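For reference, the structure discussed in these notes is given below.
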Amino acid sequence: MLISKLYINGEWIEPSTKEYLTKIKATTGEVYGKFPAATKEDVDRAVDSAYDAQKKWERLTSVERSKFLYKAIALITYRKRELAEILMDEVGKPEKEAYQEVEGVIDQLQYYAEFARKITGEVVEGTKFERIIYQYKVPYGVVVAIIPWNFPAAMTVRKIGPALITGNTVVLKPSSDTPFTAAWIVKIFQETGLPQGVLNMITGKGSVIGDYLTSHKGVSLITLTGETRTGQRIMKSASSIMAKLILELGGKAPFIVWRDANIKLAAKVLMWAKYWNAGQSCVAAERLYVHEEVYDEFINTFINMTKTLKLGGPRESDMGPLINKVQVEKVQSYVEQAVAQGAKVTYGGKKPDLRGKYKGGFFYMPTILENVTQDMTVFQEEIFGPVIGAMKVHDFDEVITLANDSDYGLASYLFTSDLNLGIKAAREMKFGELYINMPGPEATQGYHTGFRLSGQAGENSKFGIEEYLKVKNIYTDYSKDPTSGEVIPPYRR
Ligand code: NAD
């Protein structure tokens with residue numbers, strides 16, 4: 001059994017109460033390991049350590065800081081297999097998806113490391129010829145990075161990478177469902193020789209440390225990837241310290257298949273958009289709108305493809321389990337509610353009958369619901385599982401209105417061969433991302449951001465890295481007597 005510790009000020013230490021929590025393996029339901037339940041005292045130590053370390057860390061140049069990222073990239077590249085194994089054990093990801101996530105980790109770190117020479121400010125003219133204003137970009141200070149369980153490695157580096165390259169220090173808080181993935185990444189950074197206190201990790205119950213951590217006076221920026229209600233709670237708690245927030249929250253992506261779409265391509269992409277990570281992805285297709293003329297052809301193609309999916313252990317499956325028992329119950333209850341509201345299950349709709357060691361795993365069958373209407377809960381709330389509801393549509397303006405009619409606005413998908421419809425959707429669909437005739441997920445050089453309750457600010461791309469920098473203004477005047485002559489206030493110009 002694995003045992004993890006807290007990582008504070010460059011050392012792996014016991015939690016102050018010596019209390020540990022248990023991580024259960026998603027594929028089998030067996031115990032995987034124990035990890036510390038941090039206390040408020042441990043939070044103080046982690047934030048203090050990050051706060052002290054930041055003073056020296058920001059005095060390194062970004063190129064000097066990037067060397068630690070390059071070392072981490074080399075170590076992860078050499079030890080890819082270790083990380084992939086943890087992802088398979090902790091989340092139950094199929095082997096192929098586990099390695100894809102590892103590649104995503106390397107890709108993102110590369111982008112952040114390369115950004116070291118691209119951090120720029122601006123110089124603007126002042127209120128007289130001799131006056132110049134320098135607008136520097138400076139780090140915020142201590143960043144609290146709160147990670148979900150669905151892509152625990154990719155999300156960890158998506159926050160650590162930009163925070164470190166820009167001169168911030170970090171207190172990392174992984175999900176209680178994936179503490180060992182985060183611990184592995186932290187060990188890699190420790191091996192790079194990262195100065196003590198620059199990266200710290202605490203684990204534990206949100207109910208004990210969550211509010212305390214997100215209202216701690218030593219913290220200046222909080223970046224969360226998680227559920228919308230977690231983001232809302234953190235917003236309230238962080239208001240007392242006026243921390244900058246980067247919130248990547250839930251999604252409810254519409255997937256539109258128009259009458260002129262390439263049906264096979266659309267069905268193949270939906271296989272990815274729905275069943276990738278067993279539907280536990282923020283960019284997962286959650287609402288299927290199909291033009292009535294191609295509805296039967298599309299649904300039949302998709303059902304036939306779905307039937308080929310193999311469930312089971314990472315080395316033999318196309319789709320893994322859900323993360324825990326609660327998630328299985330939640331997904332099951334969405335299906336039951338949909339049926340009670342008039343939907344029809346045309347495939348799946350229950351737990352699979354797996355034998356042997358996977359019998360105790362948290363699996364749920366890929367599920368297709370038809371006769372779904374816009375007002376049903378299954379079209380309004382985020383399911384976060386391998387379940388898709390389908391609805392027939394016939395008018396393009398109508399489908400855009402339906403797609404936009406959601407609390408969430410992260411990803412969206414459109415399949416059509418009509419260029420004008422593509423352009424119209426690009427203009428009128430209100431989502432952070434629209435994928436036209438292609439699968440996701442987001443690229444490292446794209447800005448991953450949500451509209452409405454899907455969050456605020458964003459990650460990746462230069463815009464995402466710049467979220468970790470504050471603008472500081474330095475006013476200068478090189479004239480012999482800066483007090484002489486008229487100082488023109490801008491409003492009199
Ligand atoms: P979650 O909100 O339950 O947990 C996310 C993290 O927040 C965990 O580390 C958890 O321990 C922590 N947390 C919970 N309450 C807290 C509190 N009060 N204070 C501080 N920390 C707290 O989310 P999850 O179940 O781990 O992840 C799934 C969710 O994440 C889905 O809604 C999904 O759409 C979303 N997600 C969004 C993106 C995106 O880029 N927008 C990407 C991946 C996942």
Side-chain angles (χ1 to χ4, degrees), residues 21 23 26 35 37-38 40 43 47 90-91 101 104 108 144-156 158-159 171-179 181-182 201-216 219 222-238 243 245-253 276-286 322-324 326-327 330-331 381-385 406-412 431-433 440-444 446-461 464 467:
L21 304 171
K23 159 67 193 168
F35 61 97
K40 291 180 182 171
V43 170
V47 174
E90 221 174 26
V91 193
E101 184 166 347
Q108 291 185 92
V144 164
I146 306 176
I147 314 296
W149 47 261
N150 61 343
F151 295 94
M155 298 298 133
T156 296
R158 184 176 281 187
K159 296 180 189 304
V171 175
L172 179 68
K173 214 301 273 156
S175 161
S176 293
D177 278 299
T178 47
T181 303
M201 183 184 83
I202 52 169
T203 50
K205 292 181 190 155
S207 54
V208 177
I209 56 168
D211 288 348
Y212 189 70
L213 176 64
T214 53
S215 60
H216 199 291
V219 173
I222 300 167
T223 169
L224 160 82
T225 298
E227 285 188 25
T228 292
R229 64 165 178 259
T230 308
Q232 288 165 328
R233 179 157 179 170
I234 287 175
M235 240 178 165
K236 277 194 197 132
S237 137
L245 297 176
I246 303 171
L247 302 173
E248 293 298 336
L249 310 175
K252 187 83 195 157
W276 184 44
N277 208 28
Q280 303 167 114
S281 112
C282 58
V283 295
E286 291 241 341
L322 302 188
I323 191 70
N324 55 35
V326 174
Q327 198 67 17
K330 197 175 127 196
V331 169
E381 296 180 12
E382 188 182 37
I383 308 168
F384 225 55
S406 172
D407 283 345
Y408 298 102
L410 189 62
S412 56
F431 292 82
E433 266 147 42
E442 69 274 13
T444 306
Y447 183 54
H448 188 53
T449 183
F451 287 23
R452 303 184 285 284
L453 299 191
S454 288
Q456 60 167 256
E459 293 187 305
N460 282 342
S461 83
E467 301 282 11

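Note that the numbering runs from 1 along the sequence shown for the chain. No experiment lies behind these values; they were computed from the predicted model shown. For ligands, and for the atoms within them, numbers begin at 1 and follow the listed sequence.
For ligand 1, the polar-atom distance check against Ile147 finds a nitrogen or oxygen pair separated by under 3.5 Å. Ligand 1 has a nitrogen or oxygen under 3.5 angstrom from a nitrogen or oxygen of Thr230. On a distance-only criterion, His448 and ligand 1 share at least one N/O pair closer than 3.5 Å. Between Arg158 and ligand 1, no N or O atom pair is found at a separation short of 3.5 Å. Checking only distances, Lys173 does come within under 3.5 Å of ligand 1, N or O to N or O.
Proximity of atom 4 (O) of ligand 1 to the protein is not indicated, since no non-hydrogen protein atom lies closer than 4.0 angstrom.
With no hydrogens or angles considered, a side-chain donor-acceptor pair links Lys159 and Thr223 at under 3.5 Å.
One option in Pro441, Gly455, Cys282, Gly458 has a heavy atom closer to atom 36 (N) of ligand 1 than any other, and that option is Cys282. In the candidate list Leu249, Asn150, Thr178, Leu213, Leu249 is nearest to atom 41 (N) of ligand 1, counting heavy atoms. The closest heavy-atom contact to atom 34 (O) of ligand 1, among the options Arg229, Glu382, Glu248, comes from Glu382.
With a 4.0 Å cut-off on non-hydrogen atoms, Leu224 touches ligand 1 through its side chain and not its backbone. Heavy atoms of Thr225 found under 4.0 angstrom from ligand 1 belong to the backbone as well as the side chain. Neither the backbone nor the side chain of Asp177 has a heavy atom within less than 4.0 Å of ligand 1. Proximity of Phe384 to ligand 1, defined as any heavy-atom pair under 4.0 Å, is confined to the side chain (atoms from C-beta onward). Only backbone heavy atoms of Pro174 (N, CA, C or O) come within less than 4.0 Å of ligand 1; its side chain stays farther off.
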